[in-house]
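Single-structure report; data block below.
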Amino acid sequence: MYETIKKYINTFSVTGREYYLANVIEADLKPFATEIRRDAMGNLIVFKKGADSSKKLMIAAHMDEIGFMVTNITDNGYIRVTNVGGISALFSSYGLVKFENGLKGVIVADSSAKDIKVKDLVIDIGAKNKKDAARKVAVGDLCALVPSFTRLMNKRISAKAFDDRLGCAVAAVSAMKSTPKYDTYYVFTVQEEVGCRGAMPATFDIRPDYAIAIDVTGTGDTVGARAMEIKLGNGAAVKLKDSSVICSQLMVDAMTECAKRNGIKYQLEVLEAGGTDTHSMQLAAGGCHAGCISIPTRYIHSPVETVDLGDVEACESLLTALVNEGVE
Ligand SMILES: [Zn+2]
């Protein structure tokens with residue numbers, strides 16, 4: 001798991017450019033899949049045939065991460081950007097960014113104002129002027145924060161983009177290990193960070209009976225956190241609600257019963273903000289029973305998202321048990 005996470009974190013995958021990560025995941029899962037394909041949007045669909053083909057289970061983890069897109073270059077050679085997804089100017093400023101072509105820059109605020117917005121940020125790539133910068137960067141180019149994968153105390157790790165490379169790692173490791181009861185589609189989705197977009201056409205295509213998203217959720221154990229029961233180290237989080245979905249009770253019961261049966265540590269999640277692919281899968285086509293296994297994560301959408309590896313492993317154990325035993 002640890003090595004898979006590290007590999008996925010170090011792969012460029014800003015929303016709209018997920019194919020680099022799709023290539024890495026496809027190579028990892030080829031030996032384990034009945035069939036692998038991609039749709040027009042770029043979703044990677046890994047199919048594993050089940051013992052019983054009367055039902056379909058779809059699993060979704062999003063490959064994209066938040067980042068920046070170039071809007072223009074100043075006469076002095078600074079790069080102006082807009083946000084791709086909910087990236088924070090405060091969290092990102094005075095950090096390092098990397099473009100799709102490997103070019104690096106430092107991202108700074110153009111003023112000392114406290115409430116800086118993305119429009120107040122500029123990227124300094126070391127260019128002497130606009131012409132010099134334009135040799136390396138064009139309008140529409142994408143960049144992301146530079147990966148910073150760090151081991152902390154107590155099996156805890158920190159990096160950018162755990163949202164949702166951890167979900168991808170959980171789904172990928174599960175796809176390597178599982179023996180599905182029902183026909184199972186592990187879908188690595190695109191464009192979640194701009195409105196849960198990729199999961200919708202994939203769900204229309206697959207028409208699952210049951211759907212499980214794997215994504216991160218916030219915790220109530222950080223300094224200044226809004227009251228929330230979720231804590232790092234307390235196991236996989238079974239989502240009840242976020243601002244995009246009320247999970248199917250059938251899925252919540254299936255997850256908690258499965259966790260109890262298999263001795264997997266779990267906690268119940270009510271997230272007062274945020275949305276996930278659960279939403280798109282629940283509403284697409286004729287609708288389906290949708291739920292979500294969440295990975296408790298501190299400082300979401302920052303360069304130092306922090307998790308407990310034990311929780312990540314609990315999420316994978318729960319997902320694999322659900323795939324093997326069936327939802328009902
Ligand atoms: Zn996410």
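Because only heavy atoms are used, hydrogens play no part in the values below, and waters and symmetry mates are left out as well, while side chains stay in. Order of listing sets the numbers, starting from 1, for every ligand and every atom in it.
- Of all N, O or S atoms in D163, the one lying closest to the Zn ion (ligand 1) is OD1.
- Checking side-chain atoms of R165 against main-chain N and O of Y8 turns up a donor-acceptor pair under 3.5 Å.
- Taking the N/O/S atoms of H62 in turn, the shortest distance to the Zn ion (ligand 1) belongs to NE2.
- A distance-only check finds a donor-acceptor pair linking the side chain of Q267 to the backbone of G235 [under 3.5 Å].
- Residue E193 does not count as close to the Zn ion (ligand 1), with no N, O or S atom under 2.8 Å.
- For the residue pair D163 / H62, a side-chain donor-acceptor distance below 3.5 Å is found, with atom types taken as modelled.
- Using a cut-off of 2.8 Å, one finds that D164 contributes no N/O/S atom close to the Zn ion (ligand 1).
- Classification of the F162-F149 ring pair by plane angle, with boundaries at 30° and 60°, yields perpendicular.
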